[in-house]
Amino acid sequence: MQLMMNSTPTSLLDGLNDKQLEAVTLPHQSALILAGAGSGKTRVLTTRIAWLIQTQQASPHGILSVTFTNKAAKEMLTRLSAMLPINVRGMWAGTFHGLCNRLLRAHHREVDLPATFQILDTADQLSAIKRVMKVMNVDDEKFPPKQVMGYINSCKEEGLRAYAVEAYDSHAQRMREIFEEYDKQCQREGVVDFAELLLRCYELLSHNANIREHYQHRFKYILVDEFQDTNRLQYLWLKLLAGSDNCIFAVGDDDQSIYAFRGARVGNMRDFEHDFNVENIVKLEQNYRSHSNILDAANAIITHNRNRLGKNLWTSAGKGEPIRVYEGYNDKDEAAFIVDEIKALHKEGTELSNIALLYRSNAQSRILEHELFSAGLPYRVYGGLRFFERAEVKHALAYLRLIASGDDDTALLRVINFPTRGIGARSLEQLQELARQQDCSLWQAACNKVGAGKPGRGLDGFVALIKQMQEESIGLTLPEQVELATRLSGLRDHYVMDKEGEDRIANLDELVNAAIAFNNQEIGMQVDENGEVAMSILAQFLAHASLESGEHQADAGREALQLMTVHASKGLEFNTVFISGLEEGLFPHDQSSFEANGLEEERRLMYVAVTRARQRLYLSFAQSRMLHGQLRYGIPSRFLDEIPEELIKRLNSVSNKPQSYQQPAAAPAVPKPQANLPWKIGQAVAHSKFGQGVVVNYEGNANDLRVQVNFGKEGLKWLALEYAKLETL
DNA sequence: CTTGAGAGGTTTTTT
DNA sequence: ACCTCTCAAG
């Protein structure tokens, strides 16, 4: 190892620990790097690339680096260009979807797509599915469109086309038919959804040996980040690209796999080990982030999981502060505690932006926001609608899509009557019927019907408008085209009239800005793999808008408290972290118990949450909280029990009997009429089989009374009082 | 075409 | 509680 380093300026490898160094300088072979939280994963990944280039084992041209998010891809390129003096332009780095998009653009003929194919985002896909179902006369009560979408996507993510799906009963067969028709419709309209991007690309590589070999020959080194989050299809795609000679450098952490619900297969790590003859897994277990109390807690929690590759984080930092646990009597009390604590921390000099407030589900942010707002503490909520998903932006993009290609039915339907121009449901139906008869796109049908009209109202007006846009946009720069579309469409005028339209106008302006930025960045990159002139800059911009939903909010840099779900916190770190709502049913979430290994995923989620903290960690829960408009009584999360008591400092006395607190001043808004019974909601009870629990609900009358009891680990149970022997505590 | 009442559904999320 | 969607009335 030392010998190899002679050719390398030490600066690159300086400061790496033994394991990191081993990973960075591995010879040409496939490798699995098990990188714990805070173990310097991104550093290893980027240094590996820099090292490969600097020691001239690879040129940037021969490297493919895959991530899940655009953010991670950007981060990687930024760090890399800081490390290396040379231009890394020739390197392919991006998300799975971004890279597949690039390949499909270059080889669109081979996969039978138009050069300007458009990408459907989730909302577009859903409306496309609804459309298909309408044509097919499918009952959307029996086949909820969202469910159909989930089905189609998970099929595709398994690498399956409709014909390959098994369907044993009539319901499944109908699903399969919808799947098939939906794909046909997409093909007709020249659009692809996210999963299709991957599947189509996979098929491109598997059906065309020469193309496959070309890329296999080119990408000798493939690096994959967050490998535990790959789905089946992504794994197959990687395998195909790697062929038999190339090596994959996979970095991941099975303990941080929290996306099984969207198709991630942790099992890919084991398969990878086997399929690529990985001889030894390099484990990065030294954590540079947290003090040991926090790490010990995280380790203690995660050891309760069965299926692990095995890994134990350690740190050379001291024990640090104990983990603070607070028990609120309700959600408001919990929030008030958090706010007080943050105020104190802030007074002592902790930056607000270095404090994170985490929760399991978005619904929990409301009460926290309320208290923060009252206290006058600035905060920022992550998640929610992103820039390119905003209605006004999507409208503008739909007009741009129609400029690029009128045959985009999804885009047409979105704006044919927005701003309203007198095209109602009836005229639309006629148009759709016409298109069906003529077997063409709605746009074609509309053109056939009206010929050349004048801009104005009605279908004539719409056709004329789009034609005018298409003509006038010729020769314009991208920002000018965007400006043209927002103006000519009448969107701007429409929002000027709207009393709450100011923000929307601002977003339209922001879209023009985004176009300017994109234009400056992309200029000079308009030649594709085969040296052909690539598609128009407009089509590129539209693809960009679909693939990158845009930065969350404009005021990102502000000094503010950070609020987000635990999922959103993955990959981030903060000096102080609050994890709130640690109650059975919330975290772990009730819904998780319906999924296979759901609890283990919840536990990994807890593990991720805990390992975000550098110095100080607060865990809190409430005895009762408002949820879905109902007062719910919970019991402390089992994850709290999984943390050794010696790591914990209880901030208030925690009673062992959940009911032994004063009822909150405000009683439940509409209390159920209390029948004559010894059972009150909130009453602690014991059951011979299920152990201790809390009564959370009841139904029926005196003769036939059933109570619902939260038994924590045993879950929620309905018990008939007549039969179940319950003891009050 | 716009508006408002009513129903239904609420884990997590990227592309 | 609150948000989104649908459908009927204006």
Side-chain angles (χ1 to χ4, degrees), chain A residues 66-73 94-101 119-127 130 140-141 144-147 150 153 156-157 192-199 201 226 229-231 233-234 257-264 331 358-367 370 382-386 388-389 391 417-428 457-458 543-550 552 564-571 581 585-595 598 601-602 604-606 608-609 625-632 669-670:
Chain A
V66 197
T67 57
F68 272 86
T69 64
N70 293 299
K71 197 175 154 199
T95 62
F96 279 100
H97 294 85
L99 295 166
C100 287
N101 175 49
I119 301 162
L120 302 182
D121 69 12
T122 312
D124 295 333
Q125 187 187 16
L126 188 62
S127 69
K130 284 181 184 164
D140 56 8
E141 304 260 292
K146 282 213 178 107
Q147 224 167 289
N153 288 339
K156 288 187 179 181
E157 280 161 8
V192 296
D193 58 50
F194 287 132
E196 182 71 27
L197 225 38
L198 292 168
L199 182 53
C201 189
E226 304 279 16
D229 288 338
T230 51
N231 62 36
L233 181 55
Q234 286 159 340
S257 158
I258 54 174
Y259 287 112
F261 71 92
R262 66 177 200 215
D331 46 357
L358 309 183
Y359 34 81
R360 173 66 237 268
S361 59
N362 284 307
Q364 289 166 254
S365 79
R366 184 169 307 279
I367 179 99
H370 182 82
Y382 285 73
L385 261 199
R386 269 157 308 197
F388 287 116
E389 286 166 0
N417 199 33
F418 193 94
T420 52
R421 46 177 73 83
I423 303 173
R426 222 187 346 269
S427 7
L428 244 182
R457 294 185 63 78
H544 166 82
S546 301
L547 287 173
E548 174 152 23
S549 35
H552 290 264
M564 65 193 85
T565 62
V566 178
H567 282 92
S569 75
K570 194 168 101 164
L586 246 196
F587 197 1
H589 201 281
D590 270 340
Q591 297 293 122
S592 68
S593 55
F594 299 118
E595 274 150 46
E601 177 141 321
E602 293 290 307
R604 291 191 292 267
L605 207 43
M606 182 65 186
V608 167
R625 80 171 58 236
M626 279 308 252
L627 209 63
H628 307 320
Q630 275 198 312
L631 193 64
R632 257 182 62 144
V670 185

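Note on naming: letters A, B, ... go to the chains in the order of the sequence lines (proteins, then strands), and numbering restarts at 1 for each one.
- The interatomic distance linking Phe388(A) (CZ) with dT13(B) (C1') rounds to 19 Å, in whole Å.
- Rounded to a whole Å, the CG atom of Asp121(A) is 17 Å from the P atom of dT13(B).
- With P as the reference atom, dT4(C) and dT13(B) are 16 Å apart, rounded to whole Å.
- From Met606(A), atom CE reaches atom CG of Leu358(A) across 10.0 Å, with rounding to the nearest 0.5 Å.
- Ion pairing between a basic and an acidic side chain is recognised when a charged N comes within 4.0 Å of a carboxylate O; Arg360(A) and Glu602(A) show such pairing.
- Of the candidate nucleotides dT15(B), dT11(B), dT13(B), dT15(B) has the atom lying nearest to any side-chain atom of Glu389(A).
- Atom NE2 in His370(A) sits about 11 Å away from atom P in dC2(C), given to the nearest Å.
- Whole-Å rounding puts the Lys130(A) NZ to dC5(C) P distance at 7 Å.
- Side chain of Thr69(A), nearest nucleotide from dA1(C), dT12(B), dT15(B): dT15(B).
- Between Arg366(A) and dC3(C), a side-chain N or O to OP1/OP2 separation shorter than 4.0 Å is present.
- A close approach under 4.0 Å does not occur between any side-chain nitrogen or oxygen of Asn362(A) and OP1 or OP2 of dT10(B).
- Which of dT15(B), dC1(B), dT12(B) sits closest to the side chain of Ser549(A) comes down to dT15(B).
- Spacing between atom CE of Met606(A) and atom P of dT11(B) amounts to 20 Å, rounded to whole angstrom units.
- Put simply, CG on Asn70(A) is 17 Å from P on dT13(B), counting in whole angstrom units.
- Side-chain N/O atoms of Ser592(A) and Glu595(A) include no donor and acceptor closer than 3.5 Å.
- We find that Asp121(A) and Arg386(A) are not joined by a salt bridge, their nearest charged nitrogen and carboxylate oxygen being 4.0 Å or further apart.
- Inter-residue side-chain proximity for Ile258(A) and Phe261(A) is flagged as unmet; no heavy-atom pair is nearer than 4.5 Å.
- A straight line from CG of Asn101(A) to P of dT14(B) spans 19 Å, rounded to a whole angstrom.
- Looking at heavy-atom distances under 4.0 Å, Phe587(A) makes no contact with the nucleic acid at all.
- When each of Ile423(A) and His628(A) is assigned the nucleotide of DNA chain B with its nearest heavy atom, Ile423(A) is the one assigned upstream, toward the 5' end.
- Below 30°, between 30° and 60°, or above 60°: for Phe194(A) and His97(A) the angle between ring planes is above 60°, a perpendicular geometry.
- At whole-Å resolution of the value, CG in Asp193(A) and P in dT13(B) are 21 Å apart.
- Both stacking criteria are satisfied for His589(A) over the base of dT11(B): a centre-to-centre distance under 5.5 angstrom and an angle between ring planes under 30 degrees.
- In this structure, Thr122(A) does not reach the dT13(B) phosphate: none of its side-chain N or O atoms is under 4.0 Å from OP1 or OP2.
- At the phosphate of dT15(B), neither OP1 nor OP2 sits under 4.0 Å from any side-chain N or O atom of Thr95(A).
- The ring of Phe261(A) lies on top of the base of dT12(B), close enough and flat enough: under 5.5 Å between centres, under 30° between planes.
- Looking at heavy-atom distances under 4.0 Å, Glu157(A) makes no contact with the nucleic acid at all.
- Contact between the side-chain N/O atoms of Arg262(A) and the OP1/OP2 oxygens of dT11(B) is not found at any separation under 4.0 Å.
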